[in-house]
2 protein chains.
Amino acid sequence: MPTRCLACPLRKKDMFAKLGREDVEAIQRFKAGEMQIEPGTAILLEGSNSPQLYTALSGLGLRYKTLPDGRRQVINLVFPGDFLGLQAGLMGKMRHSVEATTAMTLCVFDRAEFFRFFRSHTERAFDITWLAAVEEHFLGEALASLGQRSATSRMAWALLKIWHRMNGLGLCDASGRCPLPYRQQDLADALGLSLVHTNKTLAKLRERQLVSWSGGMLRLTDLRALTDLAGAEFESEIVRPLI
Amino acid sequence: MPTRCLACPLRKKDMFAKLGREDVEAIQRFKAGEMQIEPGTAILLEGSNSPQLYTALSGLGLRYKTLPDGRRQVINLVFPGDFLGLQAGLMGKMRHSVEATTAMTLCVFDRAEFFRFFRSHTERAFDITWLAAVEEHFLGEALASLGQRSATSRMAWALLKIWHRMNGLGLCDASGRCPLPYRQQDLADALGLSLVHTNKTLAKLRERQLVSWSGGMLRLTDLRALTDLAGAEFESEIVRPLI
DNA sequence: CGAGTGATTGACGCAGATCAAGCGAAGTGG
DNA sequence: CCACTTCGCTTGATCTGCGTCAATCACTCG
């Protein structure tokens, strides 16, 4: 039995903008169904013209691009509440792939319906544009990380970014541990580093007692020091719209 | 005397989507004025809450982020037809800066007006979202370049990207030369390379007779070979909306 | 128990950073 | 009109962060 939008567990969280009953019901009507997927499953494929859009309800995933020579760039991670497939919806086809890292639950929306929804719900259209702009902002930051920062600094930046997001979602426990069910290879592909160097960089952070990451759980021991290393500011997580 | 939207020289180009007279007039009403700026002038500043949005009418610029340590990452270049300030419009403040490289002419829009415009012109709202999605796509590609490609490959990719865009805008002459009024430092900051290495990489491409770039003009002598080097596909430029 | 997957560690080499110096063109002021 | 500065481009020498190669280890699973 699919989650009813009015009872959506995500919508209760502080991180997501509050909507009136009417608005939530409109989203409910837009929603075509729900989907459970296994870890490792592809959700959207680069080049595909997906007839569906999704919102991640639970679970974690990642977006990536594959280069002609087989190398992979992880564009970013997929967290609960993320809207997936906007590119295909607007540009006709996906320019990157999305896959599930853990088991995931997705809300499914119909692409044909999407246009109607966008046109008839101005506020939601606005939210969707907002999401695109935030994503653009994130990618700009990521670009600056890859272009200008050292391996250590990049890694500190990425871990902090992830941790803050997880924290915003209430996925950290009291002691500040949060789930991080990715492989080192995923992190390496996100940071533009080799697996080996990623491992060694991580080892250094561990030695310095700044980070521990094992068994799929991440703990940042010294946010201050990491933030210094990252050489960036981390604002408290913004309230986002949830479609 | 400001350009009238109905007579906008950009709108005539194939690269931009055709609009009906009504639609163009709506944009004209949205337009608050026009602005001429000198080379080197800042258009939007990171952190600022600009009361205005712009569309580049002519001239070239660049978007960049400055890191706390003073390093700079060029996010992308600004071409005629680009819409500037959407981030500030949506997120309250700019997350990167924009500055003019050459003299530029900008159409000025009022931010307060922007919300009304977005809400009352659904098709234009759609176009704006489309623009954000395309930008997101571009940044994803750029990220993959910085993360996965060698200096030579990155440079080939960037020059091709620029050339194709210029070509789409009809800014290349018959012999395939196009303007490129940037400094090597700008390119370096875009590619995440040092100035010195950028220069040497460029020198290699020149020796191999693939590229010539001097006096602010770029000529790509062998698109095929460069495309191979870049290890990417270059689709013909997409038709974009023009606000 | 063997096979597969992911983490870890050491040895080695190279792409690209950094340092340093010189060059030509354009501007500026005395 | 000529010193003098400034800015962008070039080039060489040297250093190093990170990639690549190659093993090994710890787990999990059939």
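First the proteins, then the strands, lettered A, B, ... as listed; each starts at 1.
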Participant: Going by distance alone, is a donor N or O of one side chain under 3.5 Å from an acceptor N or O of the other, for B:Arg206 and B:Ser212?
Facilitator: no
Participant: Does the ring of A:Phe16 carry A:Arg11 above it, NZ/CZ under 6.0 angstrom from centre and within 45° of its axis?
Facilitator: no
Participant: Mind calculating the distance between CG (B:Leu195) and P (D:dT10) to the nearest angstrom?
Facilitator: 10 Å
Participant: Just checking, any donor-acceptor pair under 3.5 angstrom between side chains of B:Gln148 and A:Arg71?
Facilitator: yes
Participant: Can you check the A:Leu187 CG to C:dT8 P distance for me, whole Å?
Facilitator: 12 Å
Participant: Nearest of C:dA7, D:dT11, D:dC9 to any side-chain atom of B:Arg183?
Facilitator: D:dC9
Participant: Whole-Å distance between C:dG16 P and B:Asp189 CG?
Facilitator: 16 Å
Participant: Parallel, tilted or perpendicular: which fits the ring planes of B:Phe138 and B:Trp157, with parallel below 30° and perpendicular above 60°?
Facilitator: parallel
Participant: Starting from C1' on C:dA15, measure out to NZ on B:Lys200 and report it in whole angstrom.
Facilitator: 11 Å
Participant: Check the phosphate of D:dC7 against B:Gln184, side-chain N and O only, distance under 4.0 Å to OP1 or OP2. Yes or no?
Facilitator: no
Participant: Round to the nearest Å and state the distance from B:Leu202 atom CG to D:dT11 atom P.
Facilitator: 11 Å
Participant: Look at the side chain of A:Arg206 and decide which nucleotide, out of C:dA17, C:dT8, D:dC9, has an atom nearest to it.
Facilitator: C:dT8
Participant: Enumerate the residues from residues 143-153 of chain A whose closest heavy atom to DNA chain D is under 4.0 Å, giving them by residue number; use none for an empty result.
Facilitator: A:Ser150, A:Ala151
Participant: Between B:Ala203 and A:Val196, name the one whose nearest nucleotide on DNA chain D is closer to the 5' end.
Facilitator: B:Ala203
Participant: OP1 or OP2 of C:dT8 less than 4.0 angstrom from a side-chain nitrogen or oxygen of A:Asn199, does that happen here?
Facilitator: yes
Participant: Going by side-chain contact (heavy atoms from CB on, under 4.5 Å), name the residues that satisfy it together with A:Pro51, two or more places apart in sequence or in a different chain.
Facilitator: none
Participant: What is the distance, to the nearest angstrom, from the CG atom on B:Asp186 to the C1' atom on D:dC9?
Facilitator: 13 Å
Participant: Just by distance, no angles: are the side chains of B:Tyr64 and B:Glu99 close enough, under 3.5 Å, to form a donor-acceptor pair?
Facilitator: yes
Participant: Between C:dA17 atom C1' and B:Arg154 atom CZ, what is the distance in whole Å?
Facilitator: 12 Å
Participant: The side chain of B:His197 lies closest to which of these nucleotides: C:dG16, D:dC9, D:dT20?
Facilitator: C:dG16
Participant: In whole Å, I'd like the distance from the CG atom of B:Leu193 to the C1' atom of D:dC9.
Facilitator: 16 Å
Participant: Is there a donor-acceptor contact under 3.5 Å linking the side chains of A:Glu34 and A:Thr105?
Facilitator: no
Participant: Regarding B:Gly192, tell me which of base, sugar-phosphate or nothing describes its non-hydrogen contacts under 4.0 Å with the strands shown.
Facilitator: sugar-phosphate
